[in-house]
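As structure tokens, the structure follows; a few thoughts come after it.
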Amino acid sequence: MRLSRYYVPTLKENPAEADVVSHRLLVRAGMIRKLTSGIYTFLPLGLRALDKTARIVREEMNRAGAMEVLMPMVQPADLWQESGRWSEYGRELLRLQDRHSRDYCLGPTHEEVITDLIRHEIRSYRQLPVNLYQVQTKFRDEIRPRFGLMRCREFIMKDAYSFDRDQDGLDLSYRSMFDAYTRIFQRLGLTFRAVEADSGPIGGSVSSEFMVLAETGEDVVVSCTACGFAANLEKAEVRSPAEQPGISCPQPEIVDTPGAHTVKDLAAQLDISPDQVVKTMLFAADGEPVAALIPGDRELNDVKLKNFLRATELELATAEQIREWTGAPVGFAGPVGLQIKTVVADRLLTQGTDWVTGANQADAHYLHVDLDRDARVAHYTDLVNIRPDDPCPECGKELQFNKGIEVGHVFKLGTKYSRSLQATFLDEQGTEQYMHMGCYGIGVSRIVAACIEQNHDQDGIIFPPPVSPFEAMVLALNAKNEKVMATAEDITAQLEGLGLDVLLDDREERPGFKFKDADLLGFPLQILVGAKGIDKGVVEVKDRRTGERQELPLDDFTAGFRAWRQEVWAGWGLEQKTDD
Ligand code: ATP
Ligand code: MG
């Protein structure tokens with residue numbers, strides 16, 4: 001393929017609205033263009049990267065026994081009403097009507113459609129297990145689409161759904177998908193972690209997320225430096241505190257704390273440390289008031305709170321609600337004498353006593369609060385974010401924190417959808433049973449962005465070889481020179497003969513200009529064909545990742561190239577399959 005005839009509209013300037021590097025580079029390298037907020041067109045190079053990613057995903061899904069299908073994107077509302085999600089899914093679900101005023105949505109995910117399909121197809125245990133997947137456009141009306149391909153409204157997902165007779169079957173299907181995902185991200189050349197993830201409030205379900213480690217990730221990955229523990233911050237439990245002998249605590253006493261709305265102000269005024277304070281946070285959980293008590297030096301984890309309460313919506317109370325529920329302005333709520341039924345406390349608070357808390361009066365706090373004696377705490381549970389100085393919840397050793405981009409999610413659904421949509425089969429005894437389901441998603445378009453977030457430098461993209469739109473770029477450094485062009489064309493043909501995707505930069509531009517574009521586009525292998533080298537009987541090759549250059553002899557170029565290519569792949573931790 002010749003670059004002079006290939007559509008690669010590179011830009012010199014960074015797009016103003018792009019906050020993250022993958023967004024900037026995908027636009028600058030002419031790979032994507034925005035149509036409107038969170039909705040992008042893939043240009044030829046971008047599409048090639050997407051297709052290469054999807055190909056690896058498909059190969060590993062097929063290898064794991066999943067079968068590809070293609071489901072509709074437009075889904076009827078009645079199916080979503082049947083599952084209960086028409087009302088639960090909220091505003092990310094884009095709803096529309098046809099000419100007969102019938103309601104539909106654009107599929108953000110396909111549990112309803114696949115379960116509907118299967119319930120009409122499968123009758124007997126003999127037909128199970130089955131695992132179907134698709135690679136398809138999803139639509140989620142994200143509240144804040146951003147970061148280019150990382151958080152779109154329209155994006156490409158691979159979603160798979162498994163149906164089994166029982167829990168043991170589901171465990172096997174889940175394991176096989178987990179292993180397939182591990183192979184996929186290894187083959188893509190990405191540095192990733194599989195972590196325990198939050199599964200929402202559905203008790204007992206299991207899920208893992210696959211995270212590509214990158215500074216710009218929106219998720220925090222917590223892992224242990226000693227054992228195998230790894231979890232999403234949302235999920236990672238803070239180790240349960242050891243039982244402490246009762247400490248005696250004087251009776252509560254009110255003190256003036258003018259203007260001390262925050263723990264920091266309060267600690268400064270009273271000359272205490274924040275961990276002596278109990279912070280009282282008020283929420284509306286599905287409209288009902290809830291108080292959450294946490295240590296003053298900790299952050300509340302609202303996912304943990306929401307799951308504990310089994311709430312669909314959890315919102316921080318407004319200033320008016322706080323005044324109505326506590327009689328005090330924001331910043332002075334406390335558990336003593338609080339007129340709220342549901343008071344839950346972080347279990348670290350079982351560890352001490354003699355707390356400082358709000359007094360439910362403006363500009364006042366209590367000293368010497370014993371939660372068991374002076375307040376009505378309904379439950380103690382894990383409510384706060386784990387911190388780097390906490391011990392590993394499993395082995396007690398040191399933790400490590402990384403930022404991550406969620407690229408995949410595997411999930412045991414159990415019988416949630418088979419119950420609501422009545423997907424049953426007859427077992428060996430002829431008894432009707434619910435199918436056990438799993439669902440498994442991969443953000444195919446997000447992976448392209450994640451590759452770049454993890455692999456780039458100041459000059460541009462550094463594509464892992466398996467994802468790169470073309471594996472190699474041949475640069476004819478002086479395209480007007482016939483000898484140079486002829487050699488560049490010959491090398492291109494040789495590489496294509498080896499089964500590589502090659503883009504030949506045959507444009508009549510200065511070498512410096514071509515080097516810049518080649519680095520921006522980020523194909524892993526660069527072959528620099530110049531007149532001087534040809535006279536010496538060599539061409540220079542450059543590994544985009546390391547920047548290392550070396551000369552390969554022109555006679556028997558293929559042999560030298562193969563060895564070098566293998567080295568470059570090995571640098572990515574990848575094995576080069578000769579005809580891959
Ligand atoms: P997130 O927490 O990032 O919103 P999610 O948990 O809602 O994602 P899933 O429902 O598990 O996502 O979807 C499966 C995969 O689809 C995710 O792991 C992610 O890679 C991808 N994905 C989800 N939402 C988006 C989006 N808005 N843009 C691009 N990819 C997405
Ligand atoms: Mg997820």
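Counting starts at 1 for both ligands and their atoms, following the listed order. For clarity, every value in this text was computed on a predicted model and none was experimentally measured.
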Counting from 1, what ligand 1 atoms have a heavy atom of G408 closer than 4.0 Å? 18 (O)
Atom indices of ligand 1 within 4.0 angstrom of R140 heavy atoms, with elements: 5 (P), 7 (O), 9 (P), 10 (O), 12 (O), 13 (O), 23 (C), 24 (N)
Contact (N/O only, under 3.5 Å) between S445 and ligand 1: no
Give a yes or no on whether a salt bridge exists between R187 and E59, defined as a side-chain N under 4.0 angstrom from a carboxylate O. yes
Would Y89 and W80 satisfy side-chain contact (heavy atoms from CB on, under 4.5 Å), going step by step from the backbone distance to the final call? CA-CA 9 Å; Y89 210 92; W80 284 73; 3.7 Å; yes
Do the two ring centres, one from F210 and one from F178, sit under 6.0 Å apart? yes
Less than 4.0 angstrom from a charged side-chain N to a carboxylate O is my criterion; do K306 and D302 meet it? no
Can you tell which of R144, H409, E406, M157 gets a heavy atom nearest to atom 2 (O) of ligand 1? E406
Ligand 1 contacted by T109 (non-hydrogen, < 4.0 Å): no
Do the charged groups of R387 and D297 touch, with an N to O distance under 4.0 Å? yes
For the 3.5 Å polar cut-off, considering only N or O atoms, please tell me whether R446 and ligand 1 meet it. yes
Which pair of heavy atoms, one from M177 and one from A160, lies closest together, and at what distance? SD-CB, 4.5 Å
Among M150, M211, R146, E234, which one puts a heavy atom closest to atom 29 (C) of ligand 1? M150
Minimum non-hydrogen distance to atom 1 (P) of ligand 1, winning option of K138, E209, R151: R151
